[in-house]
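Heavy-atom basis, side chains included; hydrogens, waters and symmetry copies ignored. These figures come from a predicted structure and were not determined experimentally.
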Amino acid sequence: QVQLVESGGGLVQAGGSLRLSCAASGRTFAMGWFRQVPGKERDFVAAISQGSSITYYADAVKGRFTVSRDNAKNTVYLQMNSLKPEDTGVYYCAAQYRRRAVVVYTRNGSYDYWGQGTQVTVSS
């Protein structure tokens, strides 16, 4: 069965850094990261194409977060620097297993499976 196992979340002070990892079972196409705060919609954070040639970032994290992947390990990473309290939330990785004719990296529907989520809390 398909599994996406996330790790790396935690509690840090503003200005600190965290690195999230998401190990997928088997080969994937695009992979992405989303985050959610209770009572609010799940928001796009970052995404990366199969070959790592294309990356996308939400405006709120651009310049601070970096998404990367290691296809030999079927793993995607999210390096988060200069963290702010507004970065707090549950972070979910998402994997595209089925090829799409048109890929919109920022949409939930572009992905087929989701990780269990990992809590990131940034204190001020």
Side-chain angles (χ1 to χ4, degrees):
Q1 60 186 38
V2 173
Q3 278 192 315
L4 299 176
V5 181
E6 299 182 41
S7 62
L11 190 153
V12 297
Q13 293 187 344
S17 298
L18 285 173
R19 191 194 193 208
L20 306 183
S21 299
C22 176
S25 57
R27 187 171 66 93
T28 63
F29 296 101
M31 296 191 73
W33 291 94
F34 294 74
R35 66 188 180 190
Q36 188 171 29
V37 176
K40 297 185 180 297
E41 297 180 356
R42 185 175 298 180
D43 293 326
F44 170 77
V45 176
I48 188 167
S49 62
Q50 182 183 32
S52 300
S53 61
I54 300 174
T55 57
Y56 291 89
Y57 298 94
D59 289 343
V61 307
K62 192 173 184 179
R64 299 186 297 117
F65 291 12
T66 302
V67 63
S68 61
R69 67 189 295 167
D70 183 345
N71 287 341
K73 299 179 180 179
N74 296 321
T75 299
V76 63
Y77 306 94
L78 185 67
Q79 178 67 46
M80 305 184 293
N81 298 326
S82 301
L83 283 162
K84 304 175 181 179
E86 50 263 45
D87 294 319
T88 294
V90 178
Y91 283 67
Y92 298 89
C93 68
Q96 185 184 79
Y97 282 85
R98 180 179 65 83
R99 185 185 295 107
R100 265 69 163 178
V102 178
V103 179
V104 182
Y105 291 97
T106 60
R107 294 182 65 87
N108 293 351
S110 294
Y111 306 93
D112 302 301
Y113 293 93
W114 297 78
Q116 82 281 5
T118 184
Q119 177 70 44
V120 172
T121 303
V122 184
S123 62
S124 60

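- With a 4.5 Å cut-off on side-chain heavy atoms, Met80 and Val120 count as touching.
- Closest approach of Val2 and Ser25 over heavy atoms only: CA-OG, 3.3 Å.
- Of all the heavy atoms in Ser17 and Ser82, the pair that sits closest is OG-N, 4.3 Å.
- Shown here for Ala60 and Arg35, the closest heavy-atom pair between the two residues is CB-NH2, 4.1 Å.
- Connection of Ile48 to Leu4 is not established within any shared hydrophobic cluster, with ILVMFWY side chains joined at heavy-atom distances below 4.5 Å, either directly or through further cluster members.
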Thr66 and Tyr57: CA distance, side-chain angles, deciding distance, side-chain contact (heavy atoms from CB on, under 4.5 Å) verdict: CA-CA 8 Å; Thr66 302; Tyr57 298 94; 3.8 Å; yes
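- Taking hydrophobic clusters as Ile, Leu, Val, Met, Phe, Trp and Tyr residues chained together by side-chain heavy-atom distances below 4.5 Å, Leu18 shares a cluster with Val67.
- By the 4.5 Å heavy-atom criterion applied to side chains, Thr88 and Gln119 are counted as neighbours.
- In this structure, CD on Gln96 lies 6.5 Å from CG on Asp112, to the nearest 0.5 angstrom.
- Cluster membership check: Val61 shares its hydrophobic cluster with Tyr91, using side-chain heavy-atom separations under 4.5 Å among Ile, Leu, Val, Met, Phe, Trp and Tyr.
- Side-chain atoms of Trp33 and Val76, non-hydrogen and from C-beta on, do get closer than 4.5 Å to each other.
- For the residue pair Gly89 and Val37, the shortest heavy atom distance occurs at CA-CG2, 4.4 Å.
- Asn74 contributes atom CG, which lies 13.0 Å from atom CD of Gln3 (distance to the nearest 0.5 angstrom).
- Counting heavy atoms of neighbouring residues, nucleotides and ligands inside a 6.0 Å radius, atom CD of Gln13 does not exceed 12 of them.
- The backbone N or O of Ser7 lies less than 3.5 Å from no partner atom in the side chain of Thr118, so there is not a single donor-acceptor pair.
- What you find for Asn71 and Gln50 is that their closest heavy atoms are ND2-O, 2.9 Å.
- Scanning both residues, Met31 and Tyr111, for their nearest heavy atoms gives C-CE2, 3.8 Å.
- In this structure, the ring of Tyr56 has its center no less than 6.0 angstrom from the ring center of Phe44.
- The aromatic rings of Tyr113 and Tyr97 sit perpendicular, their planes meeting at an angle over 60°, well past the 30° parallel limit.
- A 4.5 Å side-chain heavy-atom check between Leu83 and Phe65 finds at least one atom pair inside the cut-off.
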What's the verdict on side-chain contact (heavy atoms from CB on, under 4.5 Å) for Cys22 and Tyr92, showing C-alpha distance, side-chain angles and the deciding distance? CA-CA 9 Å; Cys22 176; Tyr92 298 89; over 6 Å; no
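- A cation-pi arrangement, defined by a distance under 6.0 Å to the six-membered ring centre and an angle within 45 degrees of its axis, is absent between Arg100 and Phe29.
- In this structure, the separation between OG on Ser21 and CZ on Arg69 is 13.5 Å, given to the nearest 0.5 Å.
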